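Note that the structure is predicted; figures quoted are calculated from it, not measured. Whatever order the structure lists them in is the order used to number ligands and atoms, beginning at 1.
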Amino acid sequence: MKKIVSGVTIECTVGDIAAQEDITAVVNAANAQLRIGGGVAGALHRAAGPGLEEECRPLAPIKPGEAVITGAHNLPNRYVIHTLGPVFGVDKPEDKLLADCYRNALQLAEDSNIDSVAFPSISTGAFGYPIKDAAMVAFETIKKILPGLKSVNLIRFVLYDDGARIVHEQSMEKIFSV
Ligand code: AR6
């Protein structure tokens with residue numbers, strides 16, 4: 001599914017965040033230490049190679065909601081934007097911290113004049129955020145930011161499976177039709 005709002009294309013796809021050849025910056029659902037981990041962080045660091053962890057080391061640790069930007073090393077992109085999502089039930093308020101992740105990641109993209117950004121569904125794996133609620137927070141936040149975006153003209157959600165894609169598409173419909 002694809003929507004164009006305020007001149008920005010927003011789309012949902014199923015795939016691997018580490019295989020987004022046509023995207024300038026991919027977002028990492030990172031850990032505080034910006035180390036290789038499971039899920040998205042594992043996929044991105046494995047594909048990027050050890051240079052990514054090395055570049056990350058002086059930037060760590062980060063707090064929930066924060067974001068930092070690095071090069072993409074062996075990934076097919078120019079940048080990786082690393083953000084630490086809230087652990088559901090632990091880092092509170094979860095919705096505000098999750099919104100900060102999307103806001104800060106997009107701010108870094110704008111600061112680096114980036115045209116296209118691919119997000120995974122932050123916090124919905126190991127960090128346990130219910131995916132429906134997380135998708136609503138993601139699109140509500142993006143809707144608020146959209147009118148102010150100058151360089152970003154494509155935001156792609158790369159979802160793990162069709163279930164996650166459908167949940168995101170339903171949230172997208174709800175939020176962008178009002
Ligand atoms: N491409 C796209 N989506 C993916 C991929 C992939 N290759 N792999 C998993 N997902 P997670 P979090 C989905 O756990 O919840 C890590 O170990 C997954 O199904 O990657 O923010 C870090 O080191 C889920 O919907 O991120 C941290 O410690 C979503 O991406 C911690 O997990 C996010 O899952 C971060 O946890």
Side-chain angles (χ1 to χ4, degrees), residues 1 10-50 52-57 59-70 72-77 79-106 108 116-139 141-142 154-172:
M1 177 191 271
I10 305 162
E11 60 186 26
C12 293
T13 58
V14 173
D16 181 0
I17 192 75
Q20 303 301 309
E21 279 93 0
D22 57 334
I23 292 284
T24 304
V26 287
V27 176
N28 183 14
N31 48 69
Q33 297 303 325
L34 305 176
R35 304 286 306 270
I36 191 169
V40 166
L44 287 175
H45 276 277
R46 271 195 304 277
L52 182 59
E53 256 196 1
E54 217 166 282
E55 188 183 351
C56 282
R57 205 168 298 133
L59 304 174
I62 61 169
K63 296 195 192 77
E66 289 183 348
V68 294
I69 188 166
T70 65
H73 300 263
N74 297 331
L75 283 159
N77 316 98
Y79 301 98
V80 179
I81 297 173
H82 309 258
T83 186
L84 177 62
V87 177
F88 195 76
V90 175
D91 299 315
K92 296 188 177 194
E94 288 101 341
D95 55 347
K96 185 194 168 293
L97 292 170
L98 186 61
D100 286 348
C101 290
Y102 286 95
R103 191 176 309 107
N104 289 328
L106 285 169
L108 286 177
S116 52
V117 182
F119 282 97
S121 181
I122 298 163
S123 279
T124 64
F127 285 176
Y129 209 120
I131 196 158
K132 264 190 198 167
D133 299 339
M136 291 299 281
V137 170
F139 290 119
T141 308
I142 286 171
L154 170 63
I155 298 173
R156 175 180 298 162
F157 278 78
V158 181
L159 289 327
Y160 195 68
D161 57 21
D162 265 327
R165 179 183 56 79
I166 290 164
V167 165
H168 280 73
E169 288 180 351
Q170 286 169 346
S171 302
M172 205 168 137

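Nearest to atom 33 (C) of ligand 1 by heavy atom, out of G15, S121, G39, is S121. Considering each of I17, V40, V167, I131, the one bringing a non-hydrogen atom nearest atom 30 (O) of ligand 1 is V40. Counting heavy atoms only, Y160 comes closest to atom 13 (C) of ligand 1 of the residues Y160, F88, F157, F127. Across N31, T124, V158, heavy-atom proximity to atom 24 (C) of ligand 1 is greatest for T124.
Against a heavy-atom cut-off of under 4.0 Å, A43 is close to the following atoms of ligand 1: 7 (N). Atoms of ligand 1 lying under 4.0 Å from at least one heavy atom of D16, given by number and element, are 1 (N), 6 (C), 7 (N).
When hydrogens are left out, the protein atom nearest atom 32 (O) of ligand 1 is A126 CB, 3.4 Å; that is the closest non-hydrogen contact. Nearest non-hydrogen protein atom to atom 17 (O) of ligand 1 is G38 N, 2.8 Å. Of the protein's heavy atoms, S123 N, 2.8 Å lies nearest to atom 21 (O) of ligand 1. Regarding atom 26 (O) of ligand 1, its nearest protein heavy-atom neighbour is A29 CB, 3.5 Å.
Once rounded to the nearest 0.5 Å, the distance linking CG of L154 with CD1 of I23 reads 4.5 Å. Put simply, CG on N28 and OG1 on T83 are 9.0 Å apart, with the number rounded to the nearest 0.5 Å.
Remark: ligand 1 and G125 share an N or O pair separated by less than 3.5 Å (distance only, no angle test). For ligand 1, the polar-atom distance check against G37 finds no nitrogen or oxygen pair separated by under 3.5 Å.
Closest approach of S121 to L159, counting heavy atoms only: CB-CD1, 3.9 Å. Closest approach of G65 to N104, counting heavy atoms only: O-ND2, 2.7 Å. For A134 against T124, the heavy-atom pair with the smallest separation is CB-CG2, 3.4 Å. Taking every heavy atom of both residues into account, H168 and F139 meet most closely at O-CE1, 3.2 Å.
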Full working for side-chain contact (heavy atoms from CB on, under 4.5 Å) between T70 and C56:
CA-CA 7 Å; T70 65; C56 282; 4.1 Å; yes
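Taking the six-membered ring where the residue is Trp, H45 and H82 present tilted rings, their angle falling between 30° and 60°.
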